[in-house]
Amino acid sequence: MRLILLGPPGAGKGTQAKILVDAYGIPHLSTGDILRSAIAAETPMGLAAKEVMDRGDLVSDEIVNGIISERFDAEDAKAGFILDGFPRTTTQAEALDQMLVEKGMSLDGVVEITADPEVLVGRIVNRAKESGVARGDDNEQVLRKRLDVYREMTAPLVDYYQRQGLVRTVDGTQPVEEVTAAIRRAVHN
Ligand code: AMP
C-alpha cells in the first residue's frame, strides 16, 4: 500500500497516518517529523530548516525531495508507505512521480482530508495548550500563515492527482475513528 495523505495543517494527517501504519504494517513517512528530528539533533539540515519552519514557510523542495528519496531506499519502505506532509508543492509532486518511476513503484491513492480552516485554528491552539510543550510552529499567527501556504502551494495538488485518477476525499471534521474508517473504505474501493 502506497498512500499520500493530503490536507491542511491540523486536519489529522499525522493522527490518521499513525493508525494506518499500525493497521497496514508499513512506515509513516513524515517530512515534518524528520525535519523536527534534525532540529533536535542540531544537524546542518535542522539548523537551516528551523527558522523557516518556525515562521510557517516551506523548506526548500531540494531538501525535502532529498529526505524522501533517501527514505524510499530503506528496507522498510519496500512494502509500502504512508506519506504525510509530502508532497507540498507541484515541484515536489513531479519529483515524487519521477522517483516512483525510477524505483518501479506506483501510488495506490491520495487521500484528501478536508476541514474548515476555523476548526483547524481551534484544534491547533488546543494542541498547544494541552501538550504544554508547544511546537515552535503551533501558535495562531503561524498557523494562519501555514493555512495560507497550504491554500496557495499545496491545495493545487488535489487537481494534480485528480488528473491521475488517484484522489479520494474524506471529511476530516468527523471523529478520529470515523475518519479512519472512511479512509479504509476509500482506499479499498
Ligand atoms: P508538518 O509536521 O507536516 O506540519 O510540517 C511542519 C513544517 O515542516 C512545515 O510547516 C514546513 O515548514 C516543513 N515541511 C514539512 N514537510 C515539508 C515539505 N514537504 N515541503 C516543505 N516544507 C515542509
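All figures in this text were calculated on a predicted structure; none of them were measured in a lab. Start at 1 with the first residue, then count along the sequence.
The salt bridge (Lys or Arg N to Asp or Glu O under 4.0 Å) check on Glu70 picks up nothing, with sequence neighbours excluded.
Minimum heavy-atom separation, Leu20 to Thr180: CD2-CG2, 4.4 Å. The nearest pair of heavy atoms linking Leu120 to Leu143 is O-CD2, 3.7 Å. Listed here is the closest heavy atom pair of Glu42 and Leu47: O-CD1, 3.9 Å. Annotation for Val59 and Ala49: closest pair CG1-CB, 3.8 Å, computed over non-hydrogen atoms. A pairwise comparison of heavy atoms in Ile67 and Met45 identifies CD1-CE, 3.8 Å as the closest pair.
The structure places CD1 of Ile183 at 11.0 Å from OG1 of Thr169, a figure rounded to the nearest 0.5 Å. Atom CD of Glu102 sits about 11.0 Å away from atom CG of Asp97, to the nearest 0.5 Å. Rounding to the nearest 0.5 Å places CG of Leu147 at 10.0 Å from CD of Glu140. Atom OG1 of residue Thr154 and atom CG of residue Leu58 lie 6.0 Å apart, to the nearest 0.5 angstrom. The distance from the NZ atom of Lys78 to the CZ atom of Phe72 is 11.0 Å, given to the nearest 0.5 Å. Atom CD1 of Ile34 sits about 12.5 Å away from atom CD1 of Ile63, to the nearest 0.5 Å.
No side-chain donor-acceptor contact under 3.5 Å links Arg2 to the backbone of Gly80. One N or O on the side chain of Ser37 and one on the backbone of Asp33 form a donor-acceptor pair closer than 3.5 Å.
Of the options Arg151, Arg146, Lys145, a side-chain contact (heavy atoms from CB on, under 4.5 Å) to Val149 is made by Lys145 and by none of the others.
Under a hydrophobic-cluster definition in which Ile, Leu, Val, Met, Phe, Trp and Tyr are linked whenever side-chain heavy atoms come within less than 4.5 Å, directly or via other members, Val158 and Val179 are assigned to different clusters. Cluster annotation: Ile26 is not connected to Ile19 through the hydrophobic network of ILVMFWY side chains, with a link wherever side-chain heavy atoms come within less than 4.5 Å. No continuous path of hydrophobic side-chain contacts links Leu5 to Val176 [ILVMFWY only; heavy atoms under 4.5 Å]. A chain of hydrophobic side-chain contacts below 4.5 Å, direct or via other Ile, Leu, Val, Met, Phe, Trp or Tyr residues, connects Met105 to Tyr161. Note on Ile113: it does not cluster hydrophobically with Val119, by side-chain heavy-atom contacts below 4.5 Å among ILVMFWY residues.
You'll find the side chain of Leu3 stays beyond 4.5 Å of the side chain of Leu107, heavy atoms only. Inter-residue side-chain proximity for Thr114 and Val170 is flagged as unmet; no heavy-atom pair is nearer than 4.5 Å. Side-chain contact between Arg55 and Val52 is present, with at least one heavy-atom pair separated by less than 4.5 Å. Side-chain atoms of Arg184 and Tyr24, non-hydrogen and from C-beta on, do get closer than 4.5 Å to each other. Side-chain contact between Gln162 and Glu112 is absent, with no heavy atoms from C-beta onward closer than 4.5 Å.
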With a cut-off of 3.5 Å and sequence neighbours excluded, list every side-chain donor-acceptor pair involving residues 81-93.
| from | atom 1 | to | atom 2 | distance (Å) |
| --- | --- | --- | --- | --- |
| Asp84 | OD2 | His28 | NE2 | 2.8 |
| Arg88 | NH1 | Gly85 | O | 2.9 |
| Thr89 | OG1 | Asp61 | OD1 | 3.0 |
| Thr89 | OG1 | Gln92 | N | 3.0 |
| Gln92 | OE1 | Arg88 | N | 2.8 |
| Gln92 | NE2 | Asp61 | OD1 | 2.8 |

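Within 6.0 Å of CD on Glu51 lie no more than 12 heavy atoms contributed by other residues, nucleotides or ligands.
A salt bridge links Lys50 with Asp54: the distance from a Lys NZ or Arg NE/NH1/NH2 to an Asp or Glu carboxylate oxygen falls below 4.0 Å.
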**Request:** Decide yes or no on salt bridge (Lys or Arg N to Asp or Glu O under 4.0 Å) for Arg144 and Glu118, but give the supporting numbers first.
**Result:** CA-CA 9 Å; Arg144 291 198 186 274; Glu118 287 311 311; 3.1 Å; yes

**Request:** Could you walk me through whether Asp76 and Arg71 pass the salt bridge (Lys or Arg N to Asp or Glu O under 4.0 Å) test, one step at a time?
**Result:** CA-CA 9 Å; Asp76 65 346; Arg71 194 60 190 78; 2.8 Å; yes

